[in-house]
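Below is one structure, written out as structure tokens, with a few remarks after it.
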Amino acid sequence: MTSSGTNRGGPPNPAPVGAAPWTAAWELLLPAAATPPRARGRTLQTALREAVRSGRLAPGTRLPSSRELAGDLGVSRGLVTEAYEQLTAEGYLRSDRGAGTWVGGAVRAVGPLARDRAPRPAGVRADFVAGTPDLALFPRAAWAAAHRGVLAELPHHALGYPDPRGLPRLRTALAELLVRRRGVVADAERVIVVSGVAQAMALLGFVLHARGTPGVGVENPGSPEHGSLFASAGIGTVPLPLDDEGLALAPLQASGVHAVVTTPAHQFPTGIAYSARRRTELLGWARSVDGLVIEDDYDGEFRYDRAPVGALQGLDPEQVAYTGSVSKSLAPGLRLGWLLVPASLVEEVVERKRTMDLGNPVLDQALLARFVERGDYDRHLRRCRRAYRERRDVLVAALEEHFPGARVSGIAAGLHVVAALPDRYGPEDRFLGRAAAAGVVVRSSAHYGETAVDGVRLVLGYAHLPPARIRDGVRLMADAVRDHGARREPSAP
Ligand SMILES: Cc1ncc(COP(=O)(O)O)c(C=O)c1O
């Protein structure tokens, strides 16, 4: 690196203190010379643009003269002049004839998204955060075969803009699947393909908001996502308490809401399955206020000790909007799900879906359709259910061994359980802190809105963890608590 590109002239807008890119290695910043001669001009321009956009070249930075930079980079001077002129015309650079070229002030530097910058927790030895299936079980071979099959059979015209309701073939396959597996009332006309439960909630939120619905009831404790999704649609949520049978009826009636989100097959996070009585009462409430029950069937497929409880929607499809996705059954990254709404809402929801994204990607939809039609989805669910049931049993046994007296609930279904530990393990903050220090990531029910809890109540996801990791994680937690003086009583209370 030579000393070219110094700032002797003094930029019109001084570069911020500490941002002294004129000392930067220009040849690293602009690797134009390394590219074939024909591509050099474009490479140089792209690299300069990118350097300005990313903020590596701050506004006000004076660039080297075209002669100096050409010398540094080992390219022709004309190429640099052309790049300066082009970027000046685009607003990235400013030049004062004879005085030099500076980075303009019009470009807002765009750094990586906050999420990308978020530090990854170091030293995590077991992560019990609920909500993810085992992604290592993703059926790659069957998926790849379905992909090849779809590409071979899909007619050209199918690659045009899709029906915003979803590919007819997928809607037919999903209707058949959901009737058979979840007991819903469905035909292809009622099914709307969405990019997950999250989008279903947002769509319903927009439609309800447009209809003047003042607020939507949500389970408390419940998924924090429900609140934020409705908020994004401009609609507030009213947290409603649960009892042993599901959403408590009296507070629902008193709340004045006309729409409520529920997870009746396996309440998130408590894990209770709504009783038959509460299901009937809930539908009675919906009919009496001409309201809407939104059924989030996020993990209803996974029930271990007997057949899954059928969906609420099957009892009254005109009072229930039903939604689910492949996020727990296949992988959340696929972003594919379904929404079945009462006939009176179909048109508005489809129009919202159309204006939101013009429909889901066609290839993905065709792929899932084929996967379902050929029985691959059922096969995959059977395989996962076997694995998850074993992991659940391992977790329950490990909790019994290491936390005697723990009461474990919500074990009949889903991908997580709730463990209430005896008082001696509390207070909860201290417990969580010690678990974290030992490399165990775990959330308490308070994270999901549960209040007035005595002792320690943990929500433990297990489906994504191999059995050995589950055992180790529970043992690590127990050791962390004991090593720091938790009174490990000889027997359960
Ligand atoms: C209660 C609940 N519903 C739904 C989902 C899944 O949403 P999506 O289908 O958009 O991935 C989750 C994800 O963690 C959840 O916890």
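Everything quoted here is computed from the prediction, not taken from an experiment. Both ligands and their constituent atoms are indexed starting at 1 by order of listing.
Looking at every heavy atom in both residues, Ala273 comes nearest to Arg303 through CB-NH1, 3.9 Å. Nearest heavy-atom pair, Leu339 versus Leu204, reported as atom, atom and distance to 0.1 Å: CD1-CD1, 4.0 Å.
Counting heavy atoms closer than 4.0 Å to ligand 1, residue Asp296 contributes side-chain atoms (C-beta onward) but none from N, CA, C or O. Both the backbone and the side chain of Ala198 come within contact range of ligand 1, each with a heavy atom under 4.0 Å. The proximity of Lys328 to ligand 1, defined as any non-hydrogen pair under 4.0 Å, is limited to the side chain.
Taking only nitrogen or oxygen atoms, main chain and side chain alike, His226 does not reach within less than 3.5 Å of ligand 1. Note: no N/O pair closer than 3.5 Å links Ser195 and ligand 1 by distance alone. No N or O atom of Phe268 sits closer than 3.5 Å to an N or O atom of ligand 1.
Ligand 1 lies out of reach of Gln199, whose nearest heavy atom is not under 4.0 Å from it.
Atom CG of Leu167 sits about 10.5 Å away from atom CG of Leu368, to the nearest 0.5 Å.
Among protein heavy atoms, the minimum distance from atom 6 (C) of ligand 1 is reached at Val197 CB, 4.2 Å. Protein heavy atom nearest atom 5 (C) of ligand 1, with residue, atom name and distance: Tyr298 CB, 4.1 Å.
Of all atoms in ligand 1, listed by their number and element, those nearer than 4.0 Å to a heavy atom of Gly196 are 9 (O), 10 (O). Which parts of ligand 1 touch Ser327 is read off a 4.0 Å heavy-atom cut-off, strictly below it: atoms 8 (P), 9 (O), 11 (O). Atoms of ligand 1 found under 4.0 Å from any heavy atom of Arg335, numbered from 1 in the order shown, are 8 (P), 10 (O), 11 (O).
Taking the ring centroids of Tyr462 and Phe128, they lie at or beyond the 6.0 Å cut-off. Aromatic ring centres of Tyr388 and Tyr304: separated by at least 6.0 Å. Residues Tyr425 and Phe403 bring their aromatic ring centres within 6.0 Å. Residues His209 and Phe230 keep their aromatic ring centres 6.0 Å or farther apart.
Just one residue in the list Asp296, Asp297, Leu312 forms a side-chain contact (heavy atoms from CB on, under 4.5 Å) with Tyr322, and that residue is Asp297.
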